[in-house]
Amino acid sequence: MLDIREISRDPEEFRRRLARRGEVVGLEEALALDARRRTLIQQGDGLRHAKGEAEAGMRTADKQSETFARFRERMRTVGAEIKAVEAELAQAEAALADLMQVLPNVPAAAVPDGAGEQDNVELRSWGERPLFDFEPKPHWAIGEALGLLDFERAAKITGARFTVYRGALARLERALASYMLDLHTTEGGYTEILTPFLVNADSMFGTGQFPKLRADAFETTDGLVLVPTAEVPLTNLHRDEILQAEQLPIRYAGFTACFRREAGGYGRDTRGLIRQHQFQKVELVHFVAPEDSDAALAELTGNAEKVLQGLGLAYRVVDLCAADLGFGATRTHDLEVWLPGQGAYREISSCSNCGDFQARRAKIRFRAPGDKKPRLVHTLNGSGLAIGRTVVAILENYQRADGTVTVPPALRTYMGGLEIIA
RNA sequence: GGAGAGGUGGCCGAGCGGUCGAAGGCGCUUGACUCGAAAUCAAGUGUGGGUUCGCCCACCGUGGGUUCGAAUCCCACCCUCUCCGCCA
């Protein structure tokens with residue numbers, strides 16, 4: 001969430017910055033509501049002050065006296081006025097909150113201009129794309145031919161966009177989760193966290209999924225939500241907390257299953273593991289002081305890259321343009337892995353600096369020794385990595401002519417020494 | 001699921017109709033003392049909002065209600081804990 005007071009101090013600046021995303025809905029209305037809000041607050045405070053004085057008068061007055069009766073009458077009328085002003089204020093604040101909750105974050109200055117995905121900027125690439133002396137297959141063909149991916153039975157027991165893994169491939173998912181978590185906790189300085197896979201609505205508001213993207217979430221009948229990413233539970237871990245400056249930076253690595261309706265995503269990636277309603281992911285989250293968040297994004301991205309490097313998978317790093325930025329992000333670096341079966345780079349990690357956007361929603365603050373007031377932290381999150389898509393990348397990059405798949409060396413200890421998935 | 005207890009400031013904890021943003025303790029900050037922030041003593045120390053920057057206002061789980069007046073009384077809800085039941 002943006003700060004309406006900050007906006008009202010320099011509306012033109014925010015109009016300009018938000019326009020880079022290609023959307024500015026609600027900004028003007030929010031400014032008008034904020035002005036109304038301030039007026040009502042002043043009225044209400046003034047009335048309450050008058051009421052307090054009347055009450056002080058009553059305390060000392062004789063309860064039988066004429067003075068007491070006059071004060072009581074005064075409190076009665078002022079009380080009624082206060083109620084009226086408060087009702088109007090509550091209405092204005094609710095309307096303002098509705099608008100503010102759906103306003104996206106402003107892009108950082110360094111974010112490239114652009115109108116869509118096509119304007120994203122490649123920052124760097126790593127690794128060699130593998131050469132094949134045969135036609136590389138898409139991962140679903142490899143997995144199904146090996147009998148290790150079963151989309152049909154998944155559809156039977158659950159529905160479309162779910163998968164059943166078998167045998168070595170099931171183990172590969174598990175191995176990847178362990179490999180990634182081990183890497184982040186030993187080399188990246190992350191603390192491993194295992195969270196609930198269900199969260200409440202407040203958490204979804206805190207990280208910005210609600211209310212705008214509510215349609216994409218699976219909700220249970222008793223008001224809980226299946227996590228769309230571990231970013232939600234990990235970031236909300238410190239919701240409504242004031243941290244000590246020396247606790248920062250905080251780095252969490254968490255593994256969860258992730259559940260997404262993919263509402264509106266129908267027709268895209270209908271085959272294979274790329275776009276599932278349920279997938280697993282290791283997520284990285286940072287809480288840092290504002291002045292450190294640029295550097296933290298670079299580190300976070302590097303931490304995710306280390307996984308791909310360790311697995312020997314070619315990738316490129318893309319700087320998302322203003323129009324392609326997610327709702328809460330000020331800046332995002334996507335990692336796109338090379339998929340020979342599709343002849344394309346596909347997103348496997350998205351690393352974002354959310355600035356104070358989530359911290360303001362979730363009230364995550366910190367206090368430094370010299371600070372009079374607590375300040376909002378900056379939050380960052382990134383996949384490290386999406387596990388299902390990593391399986392895709394391994395199947396396609398390590399496939400062999402006979403339909404079997406080489407296990408990347410880094411994973412073999414996690415696979416009981418297995419070298420070939422056959 | 002059943003029964004009971006409870007939710008107050010960074011933490012612990014008192015208060016149970018007006019003088020309470022709220023005793024006391026811990027923690028923290030500053031000052032004194034000192035070779036030395038070890039101890040002791042003194043003062044300060046919640047969060048948010050508005051502001052004509054003097055101040056003013058709100059907040060005691062959340063939302064209603066009673067009352068001239070609610071942290072305190074009533075109702076509903078949420079959450080936590082204990083015991084019983086069930087259970088991976």
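In what follows, every chain begins at residue 1, and chains take the letters A, B, ... in the order their sequences are listed.
- With a cut-off of 3.5 Å on both Watson-Crick or G-U wobble distances, the partner of B:rC53 is given as none.
- In this entry B:rG46 has B:rC59 as its Watson-Crick or G-U wobble partner, both defining distances falling under 3.5 Å.
- A distance of 6.0 Å or more separates the ring centres of A:Y252 and A:H184.
- Side-chain atoms of A:E55 lie closest to B:rG69 of the nucleotides B:rG48, B:rG69, B:rC57.
- Aromatic ring centres of A:F357 and A:F327 lie closer together than 6.0 Å.
- With both pairing distances under 3.5 Å, B:rA32 is matched to B:rU40 as a Watson-Crick or G-U wobble pair.
- Within the structure, every side-chain polar atom (N or O) of A:R74 is placed at least 4.0 Å from both OP1 and OP2 of B:rC68.
- Applying the Watson-Crick and G-U wobble criteria (two distances, each under 3.5 Å), B:rC11 pairs with B:rG25.
- Between the CG atom of A:D240 and the P atom of B:rG7 there is a distance of 20 Å, rounded to whole Å.
- The interatomic distance linking A:H49 (NE2) with B:rG49 (C1') rounds to 17 Å, in whole Å.
- Among B:rG46, B:rG50, B:rC68, the nucleotide with an atom closest to any side-chain atom of A:R76 is B:rC68.
- Checked against B:rU47, B:rG18, B:rG50, the side chain of A:I41 finds its nearest nucleotide in B:rG50.
- When the P atom is used for both B:rA14 and B:rA32, the distance is 37 Å, rounded to whole Å.
- Listed nucleotides: B:rG50, B:rC57, B:rC68. Nearest to the side chain of A:M75: B:rC68.
- Under the 6.0 Å distance and 45° angle rule, A:R74 does not count as a cation-pi partner of A:F71.
- Residue A:I242 has its side chain nearest to B:rU47 when only B:rU47, B:rG50, B:rG18 are considered.
- Base pairing of B:rU82 is made with B:rA3, judged by Watson-Crick or G-U wobble geometry with both donor-acceptor distances under 3.5 Å.
- The side chain of A:R48 lies closest to B:rA58 when the candidates are B:rG69, B:rG46, B:rA58.
- Across the strands present, B:rA88 finds no partner; the criterion is a Watson-Crick or G-U wobble pair with both atom distances under 3.5 angstrom.
- Remark: A:Q42 is not in phosphate contact with B:rC57, judged by side-chain N or O atoms under 4.0 Å from OP1 or OP2.
- Checking B:rC57, B:rG69, B:rU47 against every side-chain atom of A:K51, the shortest atom distance belongs to B:rG69.
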